[in-house]
Amino acid sequence: MDIPKQYDPAQAEKDHYERWEKNGYFAPEINQDPSAPVFTIVIPPPNVTGSLHMGHALQHTMMDVMTRHKRMSGYRTLWLPGMDHAGISTQLMVTNALKEEGKTRFDLGREKFVERVWKWKAESGGQITVQMRREGASVDWSREKFTMDEDLSRAVREVFVRFYEEGLIYRGKRIVNWCPRDQTVLSDLEVEKLPQAGKLYYLRYPIKNSDRHLTVATTRPETMLGDTAVAVNPTDERFSDLVGAIILLPLTNREIPVIKDDYVDPAFGTGAVKITPAHDPNDYEMGLRHDLPQVVVIDAHAKMTADAGADFEGLDRYKARDKVVEEFEKLGLLDKVIDYEFSISKCERCKTVIEPLISEQWFMHMEPLRDLALGLMAQKQKPQFTPDVPYERIYTNWLENLRDWTISRQLWWGHQIPAWYTPSGEVIVARSEEEAREKAGTSELTQDQDVLDTWFSSALWPFSTLGWPDDTEDLRTFYPTSVLVTARDIIFLWVSRMVMMGMKFIGQEPFADVFVTGTILDSQGQRMSKTKRNGVDPLIVFDKFGVDATRLTLAQVGSTDTRWNEKQVESYRNFANKIWNAARFCLMNSDGAEVKPELLESKDLALHDRWIISRLNKTAERVNESLNTYQFHESVQTLYHFFWDDFCDWYIELSKSDVTAEEPSPKRTEARSRLLTVLEQALRLLHPFMPYITEELWQRLPGNKPLHSAYAGASSTIMLTSYPISSQEMIDDRAEREMSAIIDLVSRVRNIRSEMNIKPAERIPVIVGCPDQELRNTFSSARDQIARLVRAAEISIADQLNAPKASARAVLVGGAELAVPLEGLIDFEQERQRLGREQDKLRAEATKLEAQLANPSFVERAPAERVDEVRSRIADIAQRTSQLQQTIENLQ
RNA sequence: AGGCACGUACGUCAAUGGUAGACGGCUUCCCUUACAAGGAAGAGGUUGGGGGUUCGAAUCCCUCCGUGCCUACCA
């Protein structure tokens with residue numbers, strides 16, 4: 001058997017994925033059981049712009065673990081992959097590429113530009129699919145989707161038309177967030193607010209027919225050119241006589257009124273606010289309330305307009321600010337300037353400061369949709385968030401405060417709005433140009449130049465990918481999906497909108513559960529970001545430690561934010577190597593043996609066999625349970641300790657004498673087969689987390705390795721075997737008790753060896769005194785294995801301890817004692833100290849427990865079984881302490 | 001400005017009212033024929049501070065300190 005000593009992930013990762021994919025194992029059709037339950041996940045589509053980052057690797061790992069687990073559990077499983085066209089980001093990328101050629105998108109024109117983006121998408125998107133294959137993601141590539149695919153675009157148009165016909169989508173002139181760089185409107189969610197150190201300017205406005213002034217405070221003096229009123233709070237007595245007065249607005253020839261409005265906070269600034277309805281969202285609202293004119297002084301490029309006055313026209317908004325301040329100072333109207341920190345809105349993509357502008361856009365009324373989502377939460381508690389604590393309330397709260405959604409964007413890359421205009425300006429909304437012509441009765445139509453917000457098509461993802469608006473087999477089978485895995489930051493942007501759209505068009509929630517993943521931070525606790533260049537590239541980690549080790553690291557992150565720690569991956573790389581070598585041992589001793597599931601059911605097994613079977617079943621139970629409740633950390637820990645501690649450290653060691661016997665015998669063959677059989681189950685348990693190494697090793701195991709009955713027709717692969725489930729009768733508490741006594745005995749002897757500095761090569765005699773008959777039998781039948789594990793020359797077991805005085809001793813649980821004769825080797829003082837330390841530990845514990853018992857209310861109020869437990873532990877400790885005491889006294 | 005979360009061993013994280021654990025790191029010994037990416041044995045924590053509820057608190061409540069995140073129309 002020719003297996004290298006070190007596991008080489010690259011080798012194992014090479015061929016398996018291709019074979020899985022080629023054989024159609026990822027597609028739900030592989031499942032031949034017509035009554036199989038269904039499990040569906042749609043992937044949160046990555047942007048075509050990026051390559052995969054750690055956040056993707058994290059989410060994909062979670063989704064793949066769930067998918068593989070369910071597939072192995074017999075579910076008809078679909079994990080549907082795809083990508084998002086990511087309007088602004090993608091357009092920006094291509095625009096930047098053009099810039100390097102010295103061109104703008106206008107040089108190409110819309111059609112050529114969009115062609116160019118498609119070309120770019122083909123390259124970049126291809127990258128992502130290669131990377132996802134590397135991750136081992138068991139997605140059904142035959143169903144891969146892209147938000148700009150023809151069928152998904154049809155779904156988008158269908159939704160738009162239906163909403164328009166219901167009056168939920170409308171076109172209107174409103175104040176919007178405008179990005180002067182990208183030249184497009186942005187939704188509130190695409191704007192980020194950042195704190196900024198700025199100034200607060202106090203400007204004096206003269207009152208007409210009076211020598212009085214009204215002073216206003218502003219962070220944006222340049223907007224005063226567009227002021228159409230000054231507002232004060234109705235209850236503010238300082239200004240009550242000025243309400244209705246006329247202000248002579250400096251630098252312009254305008255006269256504007258002083259009005260009253262509750263919005264004004266008398267405590268802030270001067271208590272008087274300048275109102276610029278055309279350039280501030282609040283002022284806009286107030287302008288509507290008071291029917292104020294809107295004077296536009298800043299244009300779409302953030303330059304001043306002609307209405308700003310001849311002195312200002314064409315100036316950049318910041319230049320204009322300086323000039324306004326200068327002029328006020330000259331006129332003696334600048335009261336003061338103070339430092340002031342406020343938050344400023346920036347474009348989430350390009351970080352340009354947003355300019356609020358009045359503009360004609362498409363909007364969507366959200367109230368009826370919002371109510372659908374709220375109703376679902378109120379009546380069915382769906383979606384069920386995991387972890388469940390904060391998100392549900394945040395989600396509900398956000399929905400309650402929802403405002404209309406600005407859905408149009410002034411971009412070229414995206415779904416062009418299916419609205420056409422007749423020469424007379426009539427709006428025709430239709431599913432296609434032909435339909436529009438029919439409706440309009442003319443072919444002289446111009447289509448709206450705008451595209452839809454990217455999130456419009458993403459909102460339809462769970463059903464548009466399954467064939468909606470057609471009533472497809474896929475839609476009927478896989479909708480609603482089972483769980484959505486996502487990061488925290490798009491719960492509103494995406495999750496809530498999918499819920500609304502799903503309820504609206506399918507009448508059912510798009511997913512039952514939402515699993516919210518944590519965030520991987522850098523080693524300093526900072527968010528990983530492109531601009532900070534602190535991201536860790538998952539592909540580099542894959543190369544360094546292997547995909548399986550990385551997946552294990554990511555799986556255990558779960559829902560908590562975690563600092564990236566390469567050491568963790570390294571330790572799981574070591575774990576993979578451990579698995580490799582354990583299998584290597586089994587295979588090196590597999591002559592004549594094979595995997596035989598029935599071997600685990602036979603009667604009259606040795607203790608260590610009964611024990612490992614019990615442990616195996618408990619492990620399966622815990623892993624299934626934790627996977628079903630999204631407790632990935634728990635699953636990983638359980639599997640790690642089962643494999644390393646139970647299987648490697650104890651089971652293999654205890655099997656060794658049988659397995660490595662020189663002479664062939666039925667006993668040897670059976671021991672070898674049993675070992676292989678346990679290993680095979682362990683690999684199956686590990687497979688969802690570590691698909692590559694488990695497949696690699698599983699393929700090498702000889703014997704009968706049946707697939708899950710639902711996949712009977714498929715060729716051999718671990719990914720279609722059945723996931724081990726626990727069986728109550730296989731759990732053997734007695735075997736576990738007996739094994740822990742043996743483990744205790746072995747550990748004690750090893751402790752003595754270590755403390756007494758006995759060379760590992762030195763064989764020692766071990767004497768055990770054990771008054772309990774049953775326990776004595778346990779020790780006796782495991783005598784050879786124990787001797788091997790503690791490197792003993794011989795072990796004598798009797799009902800009483802009968803050892804020379806010059807011995808190191810220990811007291812075991814259950815009243816047994818042991819001695820290691822150390823004639824000439826023992827240092828009595830050292831031994832006394834060692835035993836003393838042990839005694840101290842026991843006493844400390846006893847003190848705690850006694851204090852508990854001394855409290856009358858504990859005995860009265862705590863459950864009886866807990867009190868009994870404490871009592872029996874105290875008794876046990878007391879016995880061991882006194883045995884130790886005697887041992888110490890006998891030493892000399 | 002509000003809201004929410006978090007603070008546990010040197011590091012990264014577990015532990016949903018019942019004896020505080022894991023992995024890495026650290027110390028000592030060992031290349032014992034599956035594995036030095038390994039084996040064996042150890043050291044290390046009054047769970048951020050203070051108060052409360054409880055027989056019992058890392059866990060529930062209050063408060064303070066520190067750290068993140070989200071939401072928001074203070075000019």
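Just so we're clear, the structure is a prediction, and the values are computed from it rather than from any experiment. The figures here come from the full heavy-atom set of this structure, side chains too, leaving out hydrogens, waters and symmetry mates. In what follows, chains carry the letters A, B, and so on, assigned in the order in which the sequence lines appear, proteins first and then strands, with residues in each chain numbered from 1.
With rounding to whole Å, Asn757(A) atom CG is found 10 Å from C30(B) atom P. In this entry the distance linking OH of Tyr201(A) with P of A75(B) reads 14 Å, nearest Å. If you take CG of Leu200(A) and P of A75(B), they are 8 Å apart, rounded to a whole angstrom. Between the CG atom of Asp522(A) and the C1' atom of G11(B) there is a distance of 15 Å, rounded to whole Å. A straight line from CG of Asn855(A) to C1' of G18(B) spans 14 Å, rounded to a whole angstrom. When rounded to the nearest whole Å, the span between CG of Asp645(A) and C1' of C23(B) equals 11 Å.
Contacts of Pro863(A) with the nucleic acid, taken as non-hydrogen atoms under 4.0 Å apart, include base atoms. The residue Thr560(A) sits close only to the backbone: its heavy atoms come under 4.0 Å of sugar-phosphate atoms, none of a base. Among the atoms of the strands shown, none is found under 4.0 Å from any heavy atom of Arg753(A).
Applying the salt bridge (Lys or Arg N to Asp or Glu O under 4.0 Å) criterion to Glu653(A), with sequence neighbours excluded, gives Lys656(A). Taking Arg497(A) as the reference, nothing meets the salt bridge (Lys or Arg N to Asp or Glu O under 4.0 Å) condition, with sequence neighbours excluded. In this view, Trp580(A) and Tyr7(A) satisfy the ring pair (Phe, Tyr, Trp, His ring centres under 6.0 Å) rule, not counting sequence neighbours. Shown here are the side-chain contact (heavy atoms from CB on, under 4.5 Å) partners of Arg763(A), two or more places apart in sequence or in another chain: Arg791(A), Ala793(A). The salt bridge (Lys or Arg N to Asp or Glu O under 4.0 Å) check on Arg370(A) picks up nothing, with sequence neighbours excluded. Val536(A) is linked by a side-chain contact (heavy atoms from CB on, under 4.5 Å) to Met54(A), Met528(A), Val541(A), Trp564(A), counting only residues two or more places apart in sequence or in another chain. By the ring pair (Phe, Tyr, Trp, His ring centres under 6.0 Å) test, Tyr692(A) is found to be paired with Trp20(A), residues two or more places apart in sequence or in another chain being considered. Residues satisfying the ring pair (Phe, Tyr, Trp, His ring centres under 6.0 Å) test with His633(A), not counting sequence neighbours, are none.
Contacts between residues 632-643 of chain A and RNA chain B, defined by a heavy-atom separation under 4.0 Å, are made by His633(A), Gln637(A), Tyr640(A), His641(A).
Here the two rings, on Phe545(A) and Tyr572(A), have centers that are 6.0 Å apart or farther.
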Its dot-bracket string being built from Watson-Crick and G-U pairs below 3.5 Å, with | for another strand and [ ] for crossing, RNA chain B has the pattern (((((((..((((....[..)))).(((((.......))))).....(((((..]....))))))))))))....

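Using a 30° and 60° split on the angle between ring planes, Phe268(A) and Tyr340(A) fall in the perpendicular class, above 60°.
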Nucleotide by nucleotide, nucleotides 34-44 of chain B touches protein heavy atoms under 4.0 Å in the pattern (B base, S sugar-phosphate only, - none) BBSBSSSSSS-

Going 5' to 3' through nucleotides 67-74 of chain B and flagging B where a protein heavy-atom sits under 4.0 Å of the base, S where only the sugar-phosphate is that close, and - otherwise, we get --S-S-BB

